[in-house]
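Note that the coordinates shown come from a computational prediction; the quantities given were computed from them, not determined experimentally. Values below: all heavy atoms of this structure, side chains included; hydrogens, waters and symmetry mates excluded.
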Amino acid sequence: MSTLQPVRGTHDLLPDEARRHRLVEEIAFGIARRYGFGEIITPIFEFTEVFSRNLGETTDVVSKEMYSFTDRSGESLTLRPEGTAGVARAFISGGLSQHLPLKLFYRGPMFRYERPQKGRQRQFHQLGIELLGIEGPQADVEAITLAAHILQALGLKDHITLELNSLGDASSRAAYREALVAFLSGRKDKLSKDSLDRLERNPLRVLDSKDEGDREVVVDAPLMADYLNDASRQFFDEVQHGLSIVDVPVLINQRLVRGLDYYCHTAFEFTSTALGSQGTVLAGGRYDGLIGQMGGPATPGIGWAAGIERLSMLAELAIAEERPLAVIPMGPIDVAQALAQRLRQDGFNVELGYSGNMKKRLARANKLHARAAVILGEDEWSRQAVAVRDLDTGLQEEVPLAVLEDRLARFR
RNA sequence: GCGGGUGUAGCUCAGUUGGUUAGAGCGCCAGGUUGUGGUCCUGGAUGUCGUGAGUUCGAAUCUCAUCACUCGCCCCA
């Protein structure tokens, strides 16, 4: 076994896996396009502040998981740990506010220094969308509906549940946070060590703790729903109503919280039980304050991201088999190369067997699942013809070169 | 970052209470005569037993460290 290992938490996508990966992306993007989304490709690294100032200084992602480094000119840069901040930055620097509403789709690698586990890598890939410039709840409905549609297309609708909650607007959230902190502070003796820490850094997180003691405490905790002001309440109702109209089933989870600070109002998560403790497949929410906070024109937004590796593990994909034509030279290779080229120019997928006798070359063609073999035998060649063997039926016929493409058409 | 598990041929795994030449299946390679695959038969190659130390006359088997993966926590997509 080689000592040459990949960096911890990184993985090579070998051809089969890469194929699945790309297929997941293409299916997702194909559906996003039907909803009017166009792709945006932003840099893989940004100035560190783009993330540190906007995701929340106390979040784990910012405080201990970023791959940050100083470049040769002394700038602090960070490999993107998520996609939204970069898109928001691009929105501002590109002056895109005059093109609202904007529907953007992105995909690509993200980096977080975490302890690797199944479905959790240090370099992983996300695809996601951002819908910018629409204040109303119909944007939330559209974003979530698109997500459900993509998951369905990937064949994992049945194993997935959609959990939904509202964090309310800034004032509702602040009021609730205060009430929750007050409640929890009176019960510190019953909270786990982790939750005591959460109480300081991100109190809402205590709500979805897995610790049994915490759960008992949280049962009696004040509910977000009771702290939503009228506008927030109505917004949430309309989102739920909209989802019912398009038949997207929802499980309201009052304890659903988001990890990053920029979220408000709608928060949602599509989860699966098939991934162990990495149950979240796709998650997102509304972030009306983000772009303004970054220094851009106040612009509402909602978006979500999904882990491509997680999607790929769960997806039931019908991967069409590539079935090439095998060109098998018996004489000089030049002739075979010229013929292979002619067929490729004509749109055929052609494999050229380079070595071995006919037996080996046919065996190789078979292993590649070639649909047919084009055999350049000397006898046939002397008659300006080749032998074409159907590898499924074993039937072989002599075909004049002049009509080769026509006869091969059925093997495309 | 915390706690547990695993690590033997390309892959999936077996290797008894430490004992000398480390195995199987699949895959791979070759052959079953001269230009014909898939099935079948025969033969063959491959491992510093994750890495590094230690204990021992002797270690894949025991100890320690280290790396990677993995399960739970944490975090999140």
Stretch [range]: residues that reach within less than 4.0 Å of RNA chain B through a heavy atom:
range	value
residues 357-366 of chain A	Met358(A), Lys359(A), Lys360(A), Leu362(A), Ala363(A), Asn366(A)
residues 37-58 of chain A	none
residues 187-205 of chain A	Asp194(A), Arg198(A), Arg205(A)

Whole-Å distance separating the [atom1] atom of [X] from the [atom2] atom of [N]:
X	N	atom1	atom2	answer
Arg120(A)	C75(B)	CZ	P	10 Å
Asp211(A)	C2(B)	CG	C1'	14 Å
Leu391(A)	G38(B)	CG	P	11 Å
Lys367(A)	G37(B)	NZ	P	15 Å
Glu212(A)	C74(B)	CD	P	12 Å
Glu163(A)	C76(B)	CD	P	15 Å

Per the salt bridge (Lys or Arg N to Asp or Glu O under 4.0 Å) rule, what does the pair list look like for [range], sequence neighbours excluded?
range	value
residues 303-315 of chain A	none
residues 374-385 of chain A	Arg383(A)-Glu398(A)
residues 183-193 of chain A	none
residues 350-370 of chain A	none

(request) Determine which pairs satisfy ring-ring contact (aromatic ring centres under 6.0 Å, His included) with at least one residue from residues 306-337 of chain A, sequence neighbours left out, and list them in order. (result) none
(request) Quick one: which residue pairs count as a ring-ring contact (aromatic ring centres under 6.0 Å, His included) with a foot in residues 180-227 of chain A, not counting sequence neighbours? (result) Tyr176(A)-Tyr227(A)
(message) Please verify the inter-ring angle class for Phe45(A) with Phe69(A); under 30° counts as parallel, over 60° as perpendicular, anything in between as tilted.
(response) perpendicular
(request) Apply side chain to side chain donor-acceptor pair (under 3.5 Å) to Asp197(A) and list each qualifying residue two or more places apart in sequence or on a separate chain. (result) none
(request) Using ring pair (Phe, Tyr, Trp, His ring centres under 6.0 Å) as the criterion, list what pairs up with Phe236(A), not counting sequence neighbours. (result) none
(request) Measure from the side-chain heavy atoms of Lys210(A) and tell me the nearest of A77(B), U36(B), C75(B). (result) C75(B)
Would you list the atom pairs, donor with acceptor, under 3.5 Å between side chains in residues 245-253 of chain A and any protein atom, with sequence neighbours excluded?
unit_1    : atom_1 : unit_2    : atom_2 : d
Asn253(A) : OD1    : Arg255(A) : N      : 2.8
Asn253(A) : OD1    : Leu256(A) : N      : 3.4
Asn253(A) : ND2    : Glu163(A) : OE1    : 2.6

